[in-house]
Trainee: 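Following this message is one structure expressed as structure tokens.
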Amino acid sequence: MNPRLGVNIDHVATLRQARAGHEPEPAAAALLAQSAGADGITVHLRGDRRHIQERDLHVLKEVLAVPLNVECAATSEAMAAVIPVMPAWVTLVPESREELTTQGGLDAVFLQGMLRGILRELRAAGIRTSLFLDPVLDQIKMAAKLEADAVELNTGIYADLPADADAGPEVVRLQEAARLAARLGLRVLAGHGLNVQNVGPVAAIPEMEELNIGHSIIGRAVLVGLERAVTEMREAIARSRA
Ligand code: PXP
């Protein structure tokens, strides 16, 4: 079976926040993605609220038929915002204010004490849990020890390889991490930097259950939708003189 596709709509909210207004509405984008076949919707509630807002979580939870996955930092501030929404999944990610996007996976080995408490809190609320990890075997083992439900393997290093580099070793790291995670009873997801050119080898990993993809889909949507948006505006202008 093909991996499921989780569509990350953060950058619809990025565009909205550029004017701090109401458009484009992330929930409208989520519904379009859902009707186009997205198996889930992912959003990242960042501490600095640079794109997704708490209000978006509530609206998405209300309108979506597919599962909502909220990525957030492993902090009590994030838990206070996310748990009341009761998304199907919470994915814990590392976060720093300076980064443009998530840089690398969580260090679950180093953070195990803190993660144990947060995972327990999420489990008690009935929310399934995923840890965003680099494809490093010790990290995967720790995710199993902490009783996370899933790991999301960071494909960022693979995706950022120069076009002329041999991607083989990075693909092998992802394959080995996926195999171990599945053997330890974890569900296996992956994401970060995936696009139509590089998704193939990751989607082909037999244990891969779901891919979370955002930037490339939203970036492409802006381009393929532009002709129609210009046409609609020309028609609106023309109607004024009709
Ligand atoms: N998975 C995680 C944990 C992420 O932080 C992100 C980016 O927010 C993605 C997947 C999606 O990455 P991209 O937008 O590069 O497709």
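Computed from heavy atoms alone, side chains included, the values below leave out hydrogens, waters and symmetry copies. One-based numbering, in listed order, for ligands and for the atoms of each. Being a predicted model, the structure only gives us computed values, none of them experimental.
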Trainee: Protein N/O near ligand 1 N/O, under 3.5 Å, which pairs?
Mentor:
residue: ligand 1; atom: 1 (N); partner: Glu71; partner atom: OE2; Å: 3.3
residue: ligand 1; atom: 1 (N); partner: Glu152; partner atom: OE2; Å: 2.5
residue: ligand 1; atom: 5 (O); partner: Glu71; partner atom: OE1; Å: 3.0
residue: ligand 1; atom: 5 (O); partner: Thr102; partner atom: OG1; Å: 2.9
residue: ligand 1; atom: 14 (O); partner: His215; partner atom: N; Å: 2.9
residue: ligand 1; atom: 15 (O); partner: Gly193; partner atom: N; Å: 2.8
residue: ligand 1; atom: 16 (O); partner: Gly214; partner atom: N; Å: 2.8
residue: ligand 1; atom: 16 (O); partner: His215; partner atom: N; Å: 3.4

Trainee: Output the distance between atom CG (Leu131) and atom CG (Leu106), rounded to the nearest 0.5 Å.
Mentor: 6.0 Å
Trainee: Salt bridge or not between Glu147 and Arg120? Use side-chain N to carboxylate O under 4.0 Å.
Mentor: no
Trainee: Looking at Arg123, I'd like to know if its CZ atom is crowded, meaning that more than 12 non-hydrogen atoms belonging to other residues, nucleotides or ligands lie closer than 6.0 Å.
Mentor: yes
Trainee: Which residue pairs pass the side chain to side chain donor-acceptor pair (under 3.5 Å) test when at least one of the two sits in residues 28-38, sequence neighbours left out?
Mentor: none
Trainee: Output the rest of the hydrophobic cluster of Leu223: all Ile, Leu, Val, Met, Phe, Trp and Tyr residues reachable through side-chain heavy-atom contacts under 4.5 Å, sorted by chain and number.
Mentor: none
Trainee: Tell me, which pairs form a salt bridge (Lys or Arg N to Asp or Glu O under 4.0 Å) where one or both residues lie in residues 177-197, sequence neighbours left out?
Mentor: Arg187-Glu209
